[in-house]
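Scroll down for the structure; my scribbles are underneath it.
As the structure lists them, so they are numbered: ligands from 1, and atoms in each ligand from 1.
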Amino acid sequence: MTEPGTADHDAPRPLVLLLHGPNLNLLGTREPEVYGTATLDDHVASATAAADRHGLDVEAHQTNHEGELVELIHGARGRCAAIVINPGAFTHYAWSIHDALAAFDGVVVEVHLSNPNAREPWRHTSVIAPVATGTIAGFGGLGYALAMQAVAARLTAR
Ligand code: DQA
């Protein structure tokens, strides 16, 4: 039995689903002046290391297909404690991803490397933000570590 205030080292660690949408597989060479030179693998590695420091496990996927993201979100139901998602351009119009996230009963963090609100007007709308616990944008790859910290804080507060 676990004493109050002590960690249960046998308890399974909460699982965070880390999702990336379209064109993010090109990170490293895609518009480096906007998105930096770190690759998607670099971001997944630093997100996973940050999650580990907070006692969280990570399962990561990237897809260029909207329906595949919807199915990955469905697969998180009842299995994952949180979803950290950079939906790429789907952020701005993919209501199917909004609806899938609305049906997920856990913490949702929307992450953007750039700050879409400081860019073209069509990027100023996020259809994901209304169903996210919170959004982190404009801090480059640091956003993923901040997202994992936010997930851990939210799960502890529950
Ligand atoms: C992005 C911002 C989106 O507007 C854009 O379509 C992306 C990347 C970001 O991480 O800054 O693909 O989500």
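Of the candidates Asn86, Val111, Val84, Ile73, Ile73 is the only one forming a side chain to side chain contact (heavy atoms under 4.5 Å, CB included) with Leu19.
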Give every pair formed by an N or O atom of ligand 1 and a protein N or O atom closer than 3.5 Å, one pair per line with both atom names and the distance to 0.1 Å, or write none.
residue: ligand 1; atom: 4 (O); partner: His92; partner atom: NE2; Å: 2.7
residue: ligand 1; atom: 4 (O); partner: Arg123; partner atom: NH1; Å: 2.9
residue: ligand 1; atom: 6 (O); partner: Ala89; partner atom: N; Å: 3.1
residue: ligand 1; atom: 6 (O); partner: Arg123; partner atom: NH1; Å: 3.1
residue: ligand 1; atom: 10 (O); partner: Asn86; partner atom: ND2; Å: 2.9
residue: ligand 1; atom: 10 (O); partner: Leu113; partner atom: N; Å: 2.8
residue: ligand 1; atom: 11 (O); partner: Leu113; partner atom: N; Å: 3.3
residue: ligand 1; atom: 11 (O); partner: Ser114; partner atom: N; Å: 2.9
residue: ligand 1; atom: 11 (O); partner: Ser114; partner atom: OG; Å: 2.6
residue: ligand 1; atom: 12 (O); partner: Arg30; partner atom: NH1; Å: 3.1
residue: ligand 1; atom: 12 (O); partner: Arg30; partner atom: NH2; Å: 3.1
residue: ligand 1; atom: 13 (O); partner: Asn86; partner atom: OD1; Å: 2.8
residue: ligand 1; atom: 13 (O); partner: His112; partner atom: ND1; Å: 2.8

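A donor-acceptor contact under 3.5 angstrom links the side chains of Arg119 and Ser114, judged on distance only. With hydrogens and angles left out, the side-chain atoms of Asp42 and Thr39 include a donor and acceptor closer than 3.5 Å. Between the side chains of Asn64 and Glu66, no donor N or O sits under 3.5 Å from an acceptor N or O.
One N or O on the side chain of Thr133 and one on the backbone of Val108 form a donor-acceptor pair closer than 3.5 Å.
Residues passing the side chain to side chain contact (heavy atoms under 4.5 Å, CB included) test with Glu59, sequence neighbours excluded: Leu15, Leu17, His61, Arg79.
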